[in-house]
Amino acid sequence: GYKPMRLENFSPYIEDHNFKNIYRSVVLEDNKPVKIKEDNLIKLEDAETIFADLWQKTLSNSDADITVFKLPTGFGKTESYLNLTNATVAIPTNSLKYEISNRFKTTHLVTPEIPDDLNSDVKLRIKHLYNIGNYNAVKSYLKELEFNYPQITEYKSKLNKCLVSKNTVLTTIEKALVLDFKNDLVIFDEDPLENLLKIEHLDKGDIENLIHEKIHKSDKVVLECLLNYLNNSLATSVIETPKLQFRNLKLIQDILFTKDKKYNSNLLEFFKSDYFIKDSDNVTRFHYLLKRKQKNKKIVIFSATASEFIY
C-alpha cells in the first residue's frame with residue numbers, strides 16, 4: 001500500500017510539521033515522547049528572586065487588583081505569607097488550615113468549625129443547609145440551637161471575632177467567599193475558580209412545591225411564569241436567568257428554612273444565579289451558574305493551574 005504523505009507537504013499549519021505524518025502525530029515512535037517546543041527554563045534561585053520582588057510590589061500596591069502567581073508545587077508559596085499581620089488567607093481544606101496555622105509566625109485567628117458534639121439529626125440538618133448553600137438558614141438555625149447547645153454560642157463568638165478582626169485570619173476558600181472579613185487583602189492558596197463560578201442544579205419539582213405553599217398571591221404568579229419559562233427553554237441553550245421581583249421574599253425564605261428537608265435544591269441561590277441550561281437527559285432538572293462577586297479587595301491567587309486569562 002501507499003505510505004502516508006508527509007504533513008509538511010500538505011498541511012498549512014506550521015505546528016503540524018513537527019510530525020512526520022498523520023500517523024506519527026497520534027502514535028509516538030517507540031513509545032517515546034516527542035518534544036515539540038523547547039522549555040524556557042530559569043534557575044530556581046533566579047525564580048525565587050523574581051518572585052520575592054513581585055510579591056513585595058504586590059503587598060505595597062494599594063489598588064484592589066487581582067494578582068495571579070502561577071507557581072509549581074513545592075516552590076514555597078505558603079512561606080511567603082506566614083509572617084503577614086493583616087490578611088485573610090483562604091485555604092482549600094480545614095485540615096490544611098490548621099496545619100498552616102501551626103506554622104504561622106504572627107498573631108492570627110482561625111475560623112472555627114461547627115461543634116462535633118451536637119445531636120446527629122442537628123448535624124445532618126446543618127450539613128444539608130450548607131450543602132444546598134442556604135447560609136442565611138444556617139445562621140437562623142444556629143440561633144435557635146443556642147438555648148440547648150451552649151457550644152453553639154462559643155462557636156458564634158469565635159466566628160464573630162474572626163469577622164471583625166484586623167489581624168490575619170485563616171479560613172477556607174468557601175468561607176472566604178460567603179463571609180465578610182475586615183482585611184483588605186485576600187490570599188487564595190489555591191485556584192478558587194470552582195467556588196467563584198458555582199455550578200449547581202435545580203429540580204423543577206421544588207418550584208412546583210413552593211407554588212403550593214402559603215406565599216403571597218403575586219409571588220405565586222412570578223413562580224408560575226418562571227416555571228413556564230423553564231419548561232419552554234431548549235436543552236441545547238445556555239439562557240440568562242430572569243431577574244425575579246418578589247412581593248414578600250422574607251416569607252419565601254422562612255418557608256424554605258422551616259421546610260428545608262422538603263426541597264432538594266437551593267431555590268434562593270437559583271433566583272440569584274446568572275445562567276441556566278436544561279438537562280438534556282432529565283427535563284425536570286436544570287443546571288445553573290452563579291458568579292460570586294467579590295467586594296473591593298486586593299486579591300492574590302497562588303496556584304499551579306490558575307488561568308491568567310480568566311482572572
Side-chain angles (χ1 to χ4, degrees), residues 7-8 11 13-20 24-110 167-174 176-177 181 183-197 294 297-311:
L7 277 167
E8 64 183 18
S11 175
Y13 303 105
I14 192 67
E15 59 268 26
D16 288 350
H17 301 173
N18 293 302
F19 303 100
K20 186 175 181 180
R24 289 300 175 194
S25 71
V26 294
V27 178
L28 299 180
E29 188 172 1
D30 299 326
N31 292 323
K32 295 180 180 178
V34 177
K35 180 179 284 190
I36 61 175
K37 183 180 179 182
E38 289 295 328
D39 296 318
N40 184 21
L41 302 177
I42 61 174
K43 292 182 178 180
L44 177 60
E45 303 82 52
D46 294 339
E48 290 173 337
T49 300
I50 293 171
F51 168 70
D53 180 56
L54 291 174
W55 179 231
Q56 289 305 314
K57 287 180 179 178
T58 300
L59 293 177
S60 61
N61 183 8
S62 60
D63 295 337
D65 293 329
I66 297 177
T67 303
V68 178
F69 286 98
K70 292 191 69 173
L71 301 169
T73 303
F75 184 81
K77 63 183 186 299
T78 301
E79 296 294 327
S80 66
Y81 61 72
L82 293 181
N83 61 348
L84 294 183
T85 57
N86 56 351
T88 299
V89 181
I91 301 161
T93 65
N94 285 312
S95 58
L96 187 58
K97 177 182 69 176
Y98 293 115
E99 180 185 320
I100 291 176
S101 174
N102 290 332
R103 297 163 54 191
F104 232 78
K105 301 172 183 176
T106 59
T107 301
H108 66 281
L109 297 175
V110 180
N167 288 325
T168 289
V169 176
L170 305 189
T171 188
T172 59
I173 291 176
E174 184 68 17
L177 293 173
F181 295 94
N183 293 314
D184 292 328
L185 171 61
V186 181
I187 299 171
F188 290 96
D189 196 348
E190 194 55 72
D191 186 1
L193 186 61
E194 288 186 6
N195 303 79
L196 283 170
L197 299 179
Q294 286 296 283
K297 293 179 181 290
K298 182 196 297 184
I299 295 174
V300 174
I301 298 171
F302 288 134
S303 173
T305 58
S307 170
E308 296 172 77
F309 172 76
I310 290 176
Y311 291 110

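Remember, it's a predicted structure, so these values are computed and weren't measured experimentally.
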Legend entry - Heavy-atom check, side chain of Ile187 versus side chain of Phe69, under 4.5 Å: no
Inset, instruction - Would you please test Val300 and Tyr81 for side-chain contact (heavy atoms from CB on, under 4.5 Å) and show each step? - result: CA-CA 11 Å; Val300 174; Tyr81 61 72; over 6 Å; no
Inset, instruction - Anything under 30° is parallel, anything over 60° is perpendicular, the rest tilted; go ahead and classify Phe51 against Phe75. - result: perpendicular
Inset, instruction - Might you point out which heavy atoms bring Phe104 and Leu170 nearest each other, and give the distance in Å? - result: CE1-CD2, 3.7 Å
Legend entry - Thr106 vs Asn167, side-chain contact (heavy atoms from CB on, under 4.5 Å): CA-CA, chis, key distance, verdict: CA-CA 9 Å; Thr106 59; Asn167 288 325; over 6 Å; no
Legend entry - Worked check of side-chain contact (heavy atoms from CB on, under 4.5 Å) between Thr67 and Leu54: CA-CA 10 Å; Thr67 303; Leu54 291 174; over 6 Å; no
Legend entry - Asn183 to Lys297 - nearest heavy-atom pair and separation: O-NZ, 2.8 Å
Legend entry - Point-to-point distance, once rounded to the nearest 0.5 Å, from CD of Glu8 to CG of Asp16: 11.0 Å
Legend entry - Ser303 and Asp191: side chain donor to acceptor below 3.5 Å: no
Inset, instruction - Using a 4.5 Å cut-off on heavy atoms from C-beta on, say whether the side chain of Leu96 contacts that of Asp189. - result: no
Inset, instruction - With rounding to the nearest 0.5 Å, note down the distance linking OG1 in Thr171 to CD1 in Ile91. - result: 8.0 Å
Inset, instruction - Determine the minimum heavy-atom distance between Lys298 and Thr58, stating which atoms define it. - result: NZ-O, 2.9 Å
Legend entry - Geometric class of the Phe302/Trp55 ring pair [parallel <30°, tilted 30-60°, perpendicular >60°]: tilted
Legend entry - Inter-residue atom distance Glu174.CD - Asn94.CG, 0.5 Å rounding: 11.0 Å
Legend entry - Contact summary for Ile173 and Pro192, nearest pair of heavy atoms: CG2-CB, 3.9 Å
Legend entry - Rounded distance (nearest 0.5 Å) linking atom NZ of Lys77 with atom CD of Glu79: 11.0 Å
Inset, instruction - Using a cut-off of 6.0 Å, state whether more than 12 heavy atoms not belonging to Lys20 lie near its atom NZ. - result: no
Legend entry - Nearest heavy-atom neighbours spanning Ala304 and Pro72: CB-CA, 4.3 Å
Inset, instruction - Flag the pair Leu82 / Ile100 as yes when at least one side-chain heavy-atom distance between them is below 4.5 Å, and no otherwise. - result: yes
Inset, instruction - Can you measure from CG (Leu59) to CG (Leu185) and round to the nearest 0.5 angstrom? - result: 6.5 Å
Inset, instruction - Starting at NZ of Lys97, measure out to CG of Asn102 and round the result to the nearest 0.5 Å. - result: 12.0 Å
Legend entry - Nearest non-hydrogen partners of Ser11 and His17, listed with the distance: O-NE2, 2.9 Å
Inset, instruction - Examine distances only and state if a side-chain atom of Thr88 and a backbone atom of Val169 form a donor-acceptor pair shorter than 3.5 Å. - result: no
Inset, instruction - Flag the pair Val89 / His108 as yes when at least one side-chain heavy-atom distance between them is below 4.5 Å, and no otherwise. - result: no
Inset, instruction - I would like to know whether Thr49 and Asp53 meet side-chain contact (heavy atoms from CB on, under 4.5 Å); could you show each step before the answer? - result: CA-CA 6 Å; Thr49 300; Asp53 180 56; 5.8 Å; no
